[in-house]
Amino acid sequence: MPERFDAVVVGAGLAGLYMLHRLRGMGLSVRVYEAGSDVGGTWYWNRYPGARCDVESLAYSYSFSDELQQQWEWTDRYPPQPEILRYINHVADRFDLRRDIRFERRVESARFNEAECLWEVRSDKGDHARAPFCIMATGCLSTPFEPDLPGLEDFAGGVYRTNLWPHENVRFEGRRVGIFGTGSTGIQAIPVIAREAAHLTVFQRTANYSIPAVNGPLDPAFVRAFKARYAEHREHQRLGLSMGAGDLEAAARDMKPMLPTAEKVTQAEVNRVCEAYWSRGGAHFMGAIGDVMSNEASNRRVADFVRTRIRAIVRDPETAETLCPTTHPIGTKRICVDTDYYATYNRPNVSLINLRKTPVESIEPQGVRLANRLVELDDLVLATGFDAMTGALLRMDIRGSHGRKLSQAWRDGPRTYLGLMVPGFPNLFTVTGPGSPSVLSNMVVSIEQHVEFIAGILEHMRERGYQSIRANPQAEADWTAEVAKRANATLYSKGGSWYLGANVEGKPRMFMPYVGGVGAYRSTCESVAANGYRGFNFRRDAPAATHAGASGS
Ligand code: NAP
């Protein structure tokens, strides 16, 4: 027997939990389905050694409850995964969220029942919920990407995927470990595994730019002063050009890019400015030069600075050269933030294989077969990334009006209105979907904004007696063009990154996140709302009935 709710939410990570809290606050009945056995989303699955957020603790947290943000105590400048997971669990308990969540349920299908204006949501465990609204809080980086490594299933040792890391403690003492993947995840895991393993071999396909985190315990006096002005800091995150993250001390002092461009000054001047940001640490480094993401000459100079730093840290010149990124402009693949990454290659128990020179032929039971030799291994770690942004949505069978599949609507890439809705899929929302700032921003800031916007829509509909909302196809087309225009004005499209779907063979190449900044995006949403939710069409009757709907409110 199907169960009936006002809304179904898929996912119990930071987005799903806050969505549940907001909807419940409106008096709605909500059912949340979560594939994991507990809350946490990305922070539940990604338990690999060294996992840590590269947005600062005091920013990477909910702002919706002042009591919560005042009372919760973070230990480090950048929060480690176990601490974030504790925080999320605390939120779930504090707001009594678990009672509406069904764990270990993977949603397999969501189909719109036109006649009754309901979503029919089914899980792999046989659950069947019916609700007028369905909200996908499925995360942007939640579908692991399985690399093409022939023979992997024959490997005799342990195979550990960073994004499906076992809950029990994995020990690498005395073991020869190999790792694939040198993105944000690999760069965090490599130094930690290297300290434990007998030997670590890093199989690098693409060298990445990484900035030292300069992590450390938070100074209690800094935290006190920060919390005293939390509201101002949150406002800065919401409206700032810094994508809602950044260096909090700098944000506190409203630090602007120190040079508008690197093009017309000496490299020495560029180095001086970059050095100041490098020594402060973190992804805010990308704010040192104003036009780094739009001017190739500026970008090259910043990249040159990073390569100089890599050569200064890594003692073996050949290893240093292999680690120097040359395949893409800095920032066009997600900038990495590390603790001791480059210095790890000075350890005698770490070796680096350049897969562009010696590709993998196959994985054999004893290790990795390269063109010129076999690297014998006891364990393999795969830090090979995600089918980002669309993966989690497309692996469900989502069907909107007239049974149209989402996979069909997105055959040429994800097209949305504001990253929130897709035409033809009434009453279905995506939290931080493609076409919104999402992965280019502090995710918690973007999640809160989307959850509050969706809650506002539902309130608007309730007040006016509307039953359905649909994104207008023209609004979707205009927004998709705007997202592309913004991206094309930057260097992002030159990165060949997962932002573009480039890491997954056969995935349409389309720059998915909105690069215009969280402030500009928020203003757009506010103006849409102020104009009766421009670009959305509302109806009072069930959509299968004849006409009579109010349009655009
Ligand atoms: P990623 O950035 O997509 O990196 C995947 C890595 O695996 C790349 O180095 C890729 O090489 C390599 N790879 C894939 N298939 C391979 C193959 N067959 N052979 C050899 N190498 C292969 O994934 P990620 O590191 O998990 O990070 C994804 C995103 O998650 C990040 O960009 C970030 O947004 C987020 N994240 C954030 C944090 C944080 O807050 N600190 C931490 C981890 C992740 P190519 O580049 O050549 O494809």
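All ligand and atom numbering here is 1-based and tracks the order in the structure. Computed from a prediction, not measured in an experiment: that's the story for all the values here. In this chain, residues are counted from 1 in sequence order.
At a heavy-atom distance under 4.0 Å, no atom of Gln204 approaches ligand 1. Contacts of Ala51 with ligand 1, taken as heavy-atom pairs under 4.0 Å, are absent altogether.
Nearest protein neighbour of atom 23 (O) of ligand 1, counting heavy atoms only, is Gly385 CA, 3.2 Å. Protein heavy atom in closest approach to atom 15 (N) of ligand 1: Arg205 NH2, 3.5 Å. In terms of protein heavy atoms, atom 4 (O) of ligand 1 is closest to Gly183 CA, 3.7 Å. Protein heavy atom closest to atom 39 (C) of ligand 1, with residue, atom name and distance, is Arg52 O, 3.3 Å. Counting only heavy atoms of the protein, atom 9 (O) of ligand 1 lies nearest to Thr182 N, 2.9 Å. Scanning the protein for heavy atoms near atom 46 (O) of ligand 1, the closest one is Lys333 NZ, 2.9 Å.
Close approach of ligand 1 to Phe180 (heavy-atom distance below 4.0 Å) involves ligand atoms 19 (N), 20 (C). Of all atoms in ligand 1, listed by their number and element, those nearer than 4.0 Å to a heavy atom of Tyr48 are 42 (C), 43 (C). Taking every heavy atom of Leu141 and a limit of under 4.0 angstrom, the matching atoms of ligand 1 come to 29 (C), 30 (O), 34 (O), 35 (C). Less than 4.0 angstrom separates some heavy atom of Leu355 from each of these atoms of ligand 1: 20 (C). Less than 4.0 angstrom separates some heavy atom of Pro147 from each of these atoms of ligand 1: 15 (N), 18 (N). Each of the atoms 40 (O), 41 (N) of ligand 1 lies under 4.0 Å from some heavy atom of Cys53.
Side chains of Arg106 and Met396 form no contact here, defined as non-hydrogen atoms less than 4.5 Å apart.
Contact detail for Leu323 and Ala207: the closest heavy-atom pair is O-CB, 3.4 Å.
Side chain of Gln81 to main chain of Ala51: no donor-acceptor pair is present (N/O by atom type, distance under 3.5 Å, no hydrogens or angles). Side chain of Arg234 to main chain of Tyr62: a donor-acceptor pair is present (N/O by atom type, distance under 3.5 Å, no hydrogens or angles). Put simply, the side chain of Thr416 gets close to the backbone of Pro434: a donor and an acceptor are under 3.5 Å apart. No donor-acceptor pair under 3.5 Å is formed between the side chain of Gln69 and the backbone N or O of Ser61. A donor-acceptor pair under 3.5 Å is formed between the side chain of Ser142 and the backbone N or O of Thr138.
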TODO: Tell me, with the steps shown, if Tyr492 and His328 meet ring pair (Phe, Tyr, Trp, His ring centres under 6.0 Å).
DONE: CA-CA 9 Å; Tyr492 276 109; His328 57 283; over 10 Å; no

Task: Trp278 vs Phe305, ring pair (Phe, Tyr, Trp, His ring centres under 6.0 Å): CA-CA, chis, key distance, verdict - done: CA-CA 10 Å; Trp278 179 273; Phe305 168 82; 5.7 Å; yes

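In terms of N/O distances under 3.5 Å, ligand 1 is approached by Trp498. Between Ser184 and ligand 1, a contact under 3.5 Å exists for at least one N or O pair.
Residue contacts with ligand 1 do not include Phe203, since none of its heavy atoms lies under 4.0 Å from the ligand. Residue contacts with ligand 1: Val439 is excluded, as none of its non-hydrogen atoms falls under 4.0 Å.
The aromatic ring centres of Tyr60 and Trp74 sit 6.0 Å or more apart.
Taken to the nearest 0.5 Å, the CE atom of Met512 stands 7.5 Å off from the CG atom of Leu500. Taken to the nearest 0.5 Å, the OG1 atom of Thr384 stands 7.0 Å off from the CZ atom of Phe145.
Summarising the contacts of atom 47 (O) of ligand 1 with Thr42, Thr206, Asn163, Val504, the nearest heavy atom is found in Thr206. Closest heavy-atom approach to atom 43 (C) of ligand 1 within the set Leu149, Val337, Thr185: this belongs to Thr185. Residue nearest to atom 5 (C) of ligand 1, selected from Gly181, Ala383, Ser438, Gly496: Ala383 (by heavy-atom distance).
In the model, Tyr18 has no side-chain atom that pairs as donor or acceptor with a side-chain atom of His450 under 3.5 Å.
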